Protein chains: 2
Amino acid sequence: MSGTRVLVVDDEPQILRALRINLAARGYQVLTAVDGASALRAAADGKPDVVVLDLGLPDLDGTEVIAGLRGWSGVPIIVLSARTDSVDKVEALDAGADDYVTKPFGMDELLARLRAAVRRAAVSVGEGEEAVIQTDSFTVDLVAKKVRKDGEEVHLTPTEWGVLEVLVRNRGRLVAQKQLLRDVWGPAYATESHYLRVYLAQLRRKLEREPARPRHLLTEPGMGYRFEM
Amino acid sequence: MSGTRVLVVDDEPQILRALRINLAARGYQVLTAVDGASALRAAADGKPDVVVLDLGLPDLDGTEVIAGLRGWSGVPIIVLSARTDSVDKVEALDAGADDYVTKPFGMDELLARLRAAVRRAAVSVGEGEEAVIQTDSFTVDLVAKKVRKDGEEVHLTPTEWGVLEVLVRNRGRLVAQKQLLRDVWGPAYATESHYLRVYLAQLRRKLEREPARPRHLLTEPGMGYRFEM
DNA sequence: CCGCCGCGTAAAGAACACGTCAAGGCCCCA
DNA sequence: TGGGGCCTTGACGTGTTCTTTACGCGGCGG
């Protein structure tokens, strides 16, 4: 791989300039954009390996830009946000950002996160081999897309599988409702949290020993769901 | 790393002198400035690792200097302020200062805070990835959104988690009440400081060994809260 | 010395989120 | 054309969480 391509999106010229200089000095190829619309265009044209995105853009809301990118690309997105609007930060992560850095930031910190994001993206491509996850009441084969309970194969509908797969791939971690909805149903359904209740209930009925007292498909009220082995 | 670079900003010559001597004696490289304008210039030229800033400058308001620095730099800022102007102190923290020391101060205290600020900045560079913070009574996993006390998982409500997360991400540094409220509840709640008392009490009850005598979730009366590891 | 302000704690009602059941509609395939 | 699976939607009971009120304590200033 020659230079990693970074798209920097910010409307403040001095920040843009500082980033361009620092990134170029470290061998990155730098693309820039000053608003959301041109950012989306630049991302489509330039095929960046990672995007650094300021949330306070003049034309589009930060989450809209993220959604626009996530519509067709899995490129890692690092969000820059002012220290005061961390509500936006949460929304940005929910919308599909990978990491965030609070403004003002040290250049070293941004570079570290940048490296981490790129590394993560590179790894996740190669790691897709055999993946069978076992619990004491059922097993999930992510490659074969099969679920077994007590040896018997359990039939899941496409949506049920989608929900289970997202949770299992994030095993141990809390998955926010919005993220789950976005991953399974798409960005437009981010508020239909009722779907989750229905499908989690179905999955529990099919997989848990005591559906009323789940041990693996857990609810974190107000936040999301979590798969524990 | 050779010597740590400290920029000291104060308009009183004797304080400047005392600090220069004491800091130099401990191996710091010391830069000085006597007003806000030259402080900003010195910070840009000298790339200090930490700034010690007196609030009572002749030309600029303390918060203006902080804002000026924070426009482009994440360098830790320790504020010096007279005991009487605690309004200024709050504003300074709000503007992005990292910590404060009340005049008159013991040199030991200042040095301790200085070391803490530098250490913190150094740490935050390396942490792009997994983020598990440990204290002697509980651990916080920022990625998985899990809290453990004595091995047992502790359940937190969304708001409890929000408060804890902000404090932990700013570990070691004082977080102003306003900022905490804005970050967790949103800008409209910036004055509802009572919420903080309720939720801090809840967090202490769940996490501290002696909730009445907290060792990690600390109150700085009149200012805000601080998480110490 | 007394009053005020900020903090910590407890408790209760209101608001919200969740799980569950069931019915309606769509699409695909027989 | 009929049927079955699947997704969506609605209604309801229950439990949890947020918000608000009340009160005691301690420090600081008048």
Side-chain angles (χ1 to χ4, degrees), chain A residues 87 145 147 154-164 167 174-178 180-181 183-186 188-226, chain B residues 82-87 89-90 93 102 145 147 154-165 167 174-178 180-181 183-186 188-226:
Chain A
V87 180
K145 292 196 190 292
V147 182
V154 180
H155 174 73
L156 297 186
T157 73
T159 308
E160 285 165 2
W161 172 259
V163 173
L164 182 63
L167 289 175
L174 175 65
V175 182
Q177 301 195 2
K178 274 187 196 168
L180 204 40
L181 287 163
D183 286 0
V184 178
W185 280 269
Y189 293 75
T191 61
E192 303 284 351
S193 57
H194 187 60
Y195 288 10
L196 294 179
R197 288 196 272 282
V198 174
Y199 278 93
L200 262 294
Q202 265 162 7
L203 283 171
R204 282 170 184 148
R205 189 145 32 78
K206 289 185 176 180
L207 301 178
E208 292 275 6
R209 295 213 183 282
E210 293 178 277
R213 236 167 311 119
R215 299 185 44 206
H216 305 103
L217 298 165
L218 308 177
T219 301
E220 301 276 352
M223 303 205 281
Y225 294 86
R226 181 201 305 276
Chain B
R83 192 148 159 279
T84 44
D85 19 84
S86 72
V87 182
K89 268 188 298 201
V90 175
L93 290 169
T102 314
K145 291 201 198 289
V147 180
V154 179
H155 175 74
L156 298 186
T157 72
T159 309
E160 286 164 2
W161 174 260
V163 172
L164 182 63
E165 181 172 11
L167 290 175
L174 176 50
V175 181
Q177 299 193 1
K178 264 191 208 168
L180 202 40
L181 286 163
D183 283 3
V184 178
W185 280 269
Y189 293 75
T191 61
E192 302 283 353
S193 57
H194 184 64
Y195 288 10
L196 296 179
R197 288 194 271 283
V198 174
Y199 278 94
L200 262 295
Q202 258 160 6
L203 282 172
R204 282 171 183 148
R205 187 146 33 79
K206 289 186 176 181
L207 301 179
E208 292 275 6
R209 294 210 185 285
E210 293 179 276
R213 235 173 293 127
R215 298 185 45 206
H216 305 103
L217 298 166
L218 309 177
T219 301
E220 303 268 347
M223 314 251 80
Y225 294 87
R226 179 200 303 270

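Letters A, B, ... are given to chains in the order of the sequence lines, protein chains preceding strands, and every chain is numbered from 1. This one's a predicted model, so the numbers in the text were calculated from it and none came from an experiment.
- By the ring pair (Phe, Tyr, Trp, His ring centres under 6.0 Å) test, Tyr225(B) is found to be paired with no residue, residues two or more places apart in sequence or in another chain being considered.
- With sequence neighbours excluded, no residue forms a side-chain hydrogen bond (donor to acceptor under 3.5 Å, both in side chains) with Arg205(B).
- Taking the six-membered ring where the residue is Trp, the centroids of Tyr199(A) and Trp161(A) are separated by 6.0 Å or more.
- Side-chain nitrogen and oxygen atoms of Tyr199(B) include none within less than 4.0 Å of the OP1 or OP2 phosphate oxygen of dG8(C).
- Between Lys206(B) atom NZ and dA10(C) atom P the separation is 14 Å, expressed in whole Å.
- Between the CG atom of Leu181(B) and the P atom of dC7(C) there is a distance of 11 Å, rounded to whole Å.
- For the pair Thr219(A) and dG19(C), the criterion of a side-chain N or O lying under 4.0 Å from OP1 or OP2 is met.
- At a threshold of 4.0 angstrom between heavy atoms, the contacts of Tyr225(B) are confined to the sugar-phosphate backbone, with no base atom among them.
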N/O to N/O distances under 3.5 Å, protein versus nucleotides 20-27 of chain C:
none

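- Remark: C1' of dC7(C) and CE of Met223(B) are 14 Å apart, rounded to the nearest angstrom.
- Closest approach of Leu93(B) to Ala176(B), counting heavy atoms only: CB-CB, 4.3 Å.
- The two residues Arg204(B) and Leu218(B) come nearest to each other via the heavy atoms NH2-C, 3.8 Å.
- Scanning for side-chain hydrogen bond (donor to acceptor under 3.5 Å, both in side chains) contacts around Lys145(B) gives an empty result, with sequence neighbours left out.
- Picking from dC18(C), dT8(D), dT19(D) the nucleotide with the shortest atom distance to the side chain of Trp185(A) gives dT8(D).
- Using a 4.0 Å heavy-atom distance criterion, Glu220(B) is classed as making no nucleic acid contact.
- For the pair Leu218(A) CG and dC18(C) P, the computed distance is 14 Å after rounding to whole Å.
- When side chains are defined from C-beta on, Leu156(B) counts as touching Lys206(B), because their heavy atoms get closer than 4.5 Å.
- Residues from residues 155-164 of chain B that place a heavy atom under 4.0 Å from any atom of DNA chain D, listed by number: His155(B), Thr157(B), Pro158(B), Thr159(B).
- Between Gln202(A) atom CD and dG19(C) atom P the separation is 13 Å, expressed in whole Å.
- For residues 212-224 of chain B, the pairs satisfying salt bridge (Lys or Arg N to Asp or Glu O under 4.0 Å) are Asp136(B)-Arg215(B), Glu210(B)-Arg213(B), Glu220(B)-Arg226(B), with sequence neighbours left out.
- Of the inter-residue distances, the one linking Glu192(A) atom CD with Arg197(A) atom CZ reads 10.5 Å to the nearest 0.5 angstrom.
- Taking atom CG on Leu180(A) and atom P on dC18(C), their separation rounds to 12 Å, with Å as the unit.
- Per the geometry, CG belonging to Leu196(A) stands 13 Å off C1' belonging to dG19(C), to the nearest Å.
- Phosphate contact (OP1/OP2 of dC18(C), side-chain N/O of Gln177(A), threshold under 4.0 Å): present.
- Computed from coordinates, the Arg213(A) CZ to dG15(D) C1' distance equals 15 Å when rounded to whole Å.
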